[in-house]
Each structure stands twice: as C-alpha cells, then as structure tokens.
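Structure first, commentary second.
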Amino acid sequence: MSAGRNLVLSIGRLYCDIVFRGLDAMPRLGEERFAETVAIVPGGGGFITAAHLAALGTRTGLLARIGTDPLSGTLAPALADSGVDLRWLERTPEAGPQPTVVMVQDGERAFLSRRAGSARPATLNAALADPAARHLHIAEFATLAEIPDLIGTAKRAGLTVSLDPSWDDDWIRRPDLIARAAGADIFLPNAAEAIAIAGCGDLDEAGSRLARHFPIVVIKDGGNGARLFQRDNAIALPAPEGGLVLDTTGAGDAFNAGFLAAWLAGRTPEQALSEGIACGTLSVRSVGGAGMRLDPADVDAMSRDLLHSHDRIDA
C-alpha cells in the first residue's frame, strides 16, 4: 500500500457473541442444557476481519453501530484492545442490544442472533471520504442489501471493494444477488454459499461461473482449504492437517483478513491464498472470532509450508 492511502475500512453489524462450549447435546424445546464454559466477545464479520487485519499490521477502521445498553457496553474493553481504529463506530441506543448466542458441540455450531436498527452508520460518508482510505471490506451481503449504494459510493471515492456474502436465508438464493454485488473486486464466499449463489453442485464450476462476474473469487472450504478463481487463473491450496480446533466461529473472517492483507500488499494470488488459509487455521485455536491475536510470524511460517503443497486447478 502507498503511504498516503493505506487504510482498510471494514463494515458490518457488530454483535455481542455469547459463546457456550462443552455441551453434551444441543437444547430442544422444553429442555435446559448446561455448558462447561461461556465467553462474551465482540462478534460480526466486520469486526472480526478488522481485528485480524490490525493484528497483521494493516491499518484498519471499523464501520459499525453499537448500542448504549449494558450488554453492548461489555464489549468496550475488547474493542479498545483490538488495535482497530474506532473513529467511525457510531454509538446510538437504536443499535442495541445486538446479541448472538453461539452453542458449540463437537465442532458444530448453532447461532441465535438479533439485529437492531439500521446497518448504515451515520459515519459512513466521512469514512469513505478519508484521504487515507484505500479499500472497503463488506462483511455480509445483508449489510449491502440495506445500503444498496455502498459499492458504488466506495468506488467513486477511489476504493477497491471486497464482499463476503455470509449465509443469509433471505438472500443467498436470490437471483439478483450477483447484480446487487456488481462492482466488487473480490468475492469471498464459503463453499456452501458459492454453490447456492452459482446454482450448481460442483465447486470448481461454481467458482468459474462466479469469476464471470467478479475479477477475483475466493472460495473458502474449511478443512479442505480454499480456491481462487480468475477468468484465466484457478488455484487450490489445502488446509494443514490436524491441529487444535477449539472454536471455528469467525474462521472465514480471519481468512478474509489474511487474504486481503496479502493481496493489498501486492503478493501473488498463491501467497494471498496461503496467508488466508493460515489465518483461518490459526484462528480456530481460541474461543470467539477474534479471540486469538494473530502473530504475523506464525502466519508467514504456515503460509510458506502451504505453498510447498499447492495444487493448481485447470482453469
């Protein structure tokens, strides 16, 4: 990044994640279950990606709204400690509480969330007009749906744009999703999202179809690694085998941070893909989406190991 324009903005709803772990079984109607541990941490893809970008040394600002209620207030210490620029975090009673209950059992997760108020921060235009702003990351399609002029406004301000659609039953199979996302430079679905949006059951075909609409498509496939598609280029890299897995919440958002940090730094597609996988892999070793502060040296070492095992797909 140039010294003048080196700021990444990350936009998305900010949740208070209440993460329960150590469940024998998920609760059913009429039942009560007890967890071994609980953690209360900031959540939402916008914040999680921003926090990991900051840990990797990328100057990052959060575009979000937060309530003034007691539950929202519990996030203040973690937000302040994240290293993320909070100048554009709008505080308003309308934006809270916005909790997500996360229940983790045997590596599987269930979520229950509440959205409060609008996703559009009053600070949006000021942030996009900041002379240091270079890139806007949109953490969920639902935010873009609420702010339909978001990509166009960012592009007119000279920013590049990335979008993680994030699964949303109301939008994921809508035929106009791709048209609404037009202008995004980097599209970052996971495997299930890519297949649903592209309307086909084969992951490589889904990537090829999406690459007709976006310059760069990166499909995250959990323990299978990730794939990158461009019109004339397709790459696959595996994820490391084994390793500690405590909580997979936000692993895709951590991947986004690693990929974007590398891409914006001018690294090759292979390097950006490997750094994304490394960040996603390291993030699952702690509770909460941004529970582990990524160490750039660990990311670099794992990334280099992954590059030795890379497998190119026929484009």
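Numbers here are sequence positions counted from 1.
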Original post:
Among T60, L63, L62, which one satisfies side chain to side chain contact (heavy atoms under 4.5 Å, CB included) with L9?
Top reply: L63
**OP:** Could you tell me whether D149 and R156 have a side-chain N and a carboxylate O separated by less than 4.0 Å?
**Re:**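 No, this pair does not count.
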Original post:
Is D168 paired with R115 through a side-chain N to carboxylate O contact shorter than 4.0 Å?
Top reply: yes
Taking all atoms of both residues into account, what is the closest heavy-atom pair of [X] and [Y], and its distance?
X	Y	result
A133	L159	O-CD1, 3.8 Å
R59	A132	NH1-CB, 3.3 Å
F214	A184	CD2-O, 3.6 Å

**OP:** Return yes when atom CG of D176 has more than 12 non-hydrogen atoms of other residues, nucleotides or ligands closer than 6.0 Å, and no otherwise.
**Re:**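 Counting neighbours around CG of D176, more than 12 heavy atoms of other residues, nucleotides or ligands fall under 6.0 Å, so yes.
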Original post:
If you count the non-hydrogen atoms of other residues, nucleotides and ligands that lie under 6.0 Å from CZ in R114, is the total more than 12?
Top reply: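 Result for CZ/R114: enclosed.
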Main chain of [Y], side chain of [X]: is a donor-acceptor contact present, judged purely on distance under 3.5 Å?
X	Y	value
T160	H135	no
T268	Q271	yes
S10	G46	yes
E193	N190	yes

Return the [atom1] to [atom2] distance between [X] and [Y], rounded to the nearest 0.5 Å.
X	Y	atom1	atom2	answer
C16	I66	SG	CD1	8.5 Å
D17	Q98	CG	CD	10.5 Å
L163	I186	CG	CD1	10.5 Å
L71	Y15	CG	OH	13.5 Å
T74	I40	OG1	CD1	5.5 Å
R5	D130	CZ	CG	9.0 Å

Same hydrophobic cluster for [X] and [Y], using side-chain heavy-atom links shorter than 4.5 Å among ILVMFWY?
X	Y	answer
M26	V101	yes
I147	L144	yes
W167	I195	yes

Subject >> Under the side-chain contact (heavy atoms from CB on, under 4.5 Å) test, residues paired with S274 that sit two or more places apart >> reply: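 side-chain contact (heavy atoms from CB on, under 4.5 Å) check on S274 returns L237, S303, L306, L307.
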Original post:
Does a donor on one side chain sit under 3.5 Å from an acceptor on the other, for S162 and H137?
Top reply: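 Yes.
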